[in-house]
Amino acid sequence: MAGTRVKARGESALAERFAVFAECLLTGVWIAVASLGVVTYPAAFAAGARHLRRRTAHERGGWREFVADFRTAVRGGWLAGLAGWAAVAAVWVDVQAARAGIPGGPLVGAVGVVALIGLVVTGLRAAAVWEPGARWRTLLAGAGRRTVLDPAGSFLIVGGLAVVALSAWFAAPLAIAVLGAVAAAAVAVEQRYRHR
């Protein structure tokens with residue numbers, strides 16, 4: 001059962017933290033596999049974040065619950081994924097304009113890149129609080145406000161994204177596992193925002 005609590009095993013704090021870290025890495029692989037549908041990445045992150053919230057709350061949940069959450073989240077999440085790719089295409093055009101030497105191009109390109117980073121952070125924050133039945137439009141609107149009102153949390157998520165980029169540069173397979181750590185960072189940022 002997804003909502004039942006797991007009995008405490010009497011693990012040390014170090015063992016518990018390592019177990020959460022290992023779960024993050026496994027969740028990153030699940031997120032990568034679920035994102036293969038190109039527009040399914042918001043749903044994949046939402047299912048991954050919900051899995052990690054269950055794990056840190058000591059509730060049962062595994063691959064089956066992840067898949068069930070993913071199927072529910074993808075119903076409206078694919079539109080968010082499509083919008084994300086449209087934003088990437090718009091920024092690519094901005095960057096090309098900047099490289100072509102069009103007057104004002106560098107400024108437009110820089111603004112586009114910063115806006116894209118803000119949209120990615122907003123999407124991750126929305127995915128971190130997703131629950132079955134939630135509307136993506138509402139989640140994204142609230143996450144956009146939190147992205148602006150909580151710059152420290154937003155910069156923490158940007159740092160997680162930088163770790164993924166550096167991992168991909170160092171060894172591409174490592175970046176796949178680190179996706180779970182980004183989802184965990186978004187969950188932690190959202191919990192921190194709620195409790196401040």
Side-chain angles (χ1 to χ4, degrees), residues 24 28 31-32 34-49 52 73-130 134-172 174-194 196:
C24 287
I31 290 170
S35 294
L36 290 176
V38 182
V39 295
T40 58
Y41 62 90
F45 272 98
L52 292 172
V74 82
R75 289 186 194 127
W78 71 270
L79 285 170
L82 189 62
W85 284 115
V88 168
V91 170
W92 184 81
V93 169
D94 287 348
V95 170
Q96 294 307 313
R99 293 178 72 192
I102 294 174
L107 176 64
V108 171
V111 168
V113 169
V114 170
L116 181 62
I117 292 169
L119 289 173
V120 170
V121 170
T122 297
L124 287 170
R125 291 185 84 142
V129 296
W130 176 86
R135 296 179 49 94
W136 279 96
R137 183 178 297 224
T138 305
L139 290 172
L140 288 167
R145 283 189 294 279
R146 292 188 304 276
T147 298
V148 172
L149 296 175
D150 181 25
S154 298
F155 283 121
L156 286 171
I157 294 173
V158 170
L161 293 170
V163 168
V164 170
L166 289 172
S167 298
W169 177 68
F170 181 69
L174 183 59
I176 292 171
V178 175
L179 289 174
V182 172
V187 168
V189 163
E190 286 299 312
Q191 288 179 350
R192 174 189 152 277
Y193 182 80
R194 254 191 311 257
R196 56 176 216 170

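All values derive from a computational prediction rather than experimental measurement.
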Who are the side chain to side chain donor-acceptor pair (under 3.5 Å) partners of Ser154, not counting sequence neighbours?
-> Arg125

Heavy-atom closest pair, residues [X] and [Y]:
| X | Y | result |
| --- | --- | --- |
| Arg194 | Val129 | NH1-CG1, 3.9 Å |
| Thr40 | Gly37 | OG1-N, 3.4 Å |
| Ala44 | Ala34 | CB-CB, 3.6 Å |
| Ala134 | Leu139 | CB-CD1, 3.8 Å |
| Gly112 | Val91 | O-CG2, 3.2 Å |
| Ala49 | Val187 | CB-CG2, 3.6 Å |

Pairs touching [range] that satisfy salt bridge (charged side-chain N to carboxylate O under 4.0 Å, His left out), sequence neighbours left out:
| range | answer |
| --- | --- |
| residues 106-117 | none |
| residues 91-119 | none |
| residues 156-167 | none |

Set of residues satisfying salt bridge (Lys or Arg N to Asp or Glu O under 4.0 Å) with respect to Arg192, sequence neighbours excluded =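 For Arg192, the residues satisfying salt bridge (Lys or Arg N to Asp or Glu O under 4.0 Å) (neighbours in sequence not counted) are Asp150.
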
For [X], which residues count as a side chain to side chain contact (heavy atoms under 4.5 Å, CB included) partner, sequence neighbours excluded?
| X | answer |
| --- | --- |
| Ala46 | Ala73, Ala127, Trp130, Trp136 |
| Val93 | none |
| Ala188 | none |
| Ala32 | Ile176, Leu179 |

Return all side-chain donor-acceptor pairs below 3.5 angstrom for residues 77-88, not counting sequence neighbours, or 'none' if the list is empty.
| residue | atom | partner | partner atom | Å |
| --- | --- | --- | --- | --- |
| Trp78 | NE1 | Arg75 | O | 3.3 |
| Trp85 | NE1 | Val38 | O | 2.8 |

Inter- and intrachain pairs under side-chain hydrogen bond (donor to acceptor under 3.5 Å, both in side chains), touching residues 108-124, at least two apart | Thr122-Thr147

Mind checking the [atom1]-[atom2] spacing from [X] to [Y]? Nearest 0.5 Å is all I need.
| X | Y | atom1 | atom2 | answer |
| --- | --- | --- | --- | --- |
| Leu52 | Phe45 | CG | CZ | 10.5 Å |
| Leu119 | Leu140 | CG | CG | 9.0 Å |
| Leu124 | Tyr41 | CG | OH | 9.5 Å |

Is the CZ atom of Arg196 crowded by more than 12 outside heavy atoms at less than 6.0 Å?
-> yes

Donor-acceptor pairs under 3.5 Å, side chain of residues 160-167 to any protein atom, not counting sequence neighbours: which ones?
| residue | atom | partner | partner atom | Å |
| --- | --- | --- | --- | --- |
| Ser167 | OG | Val163 | O | 2.7 |

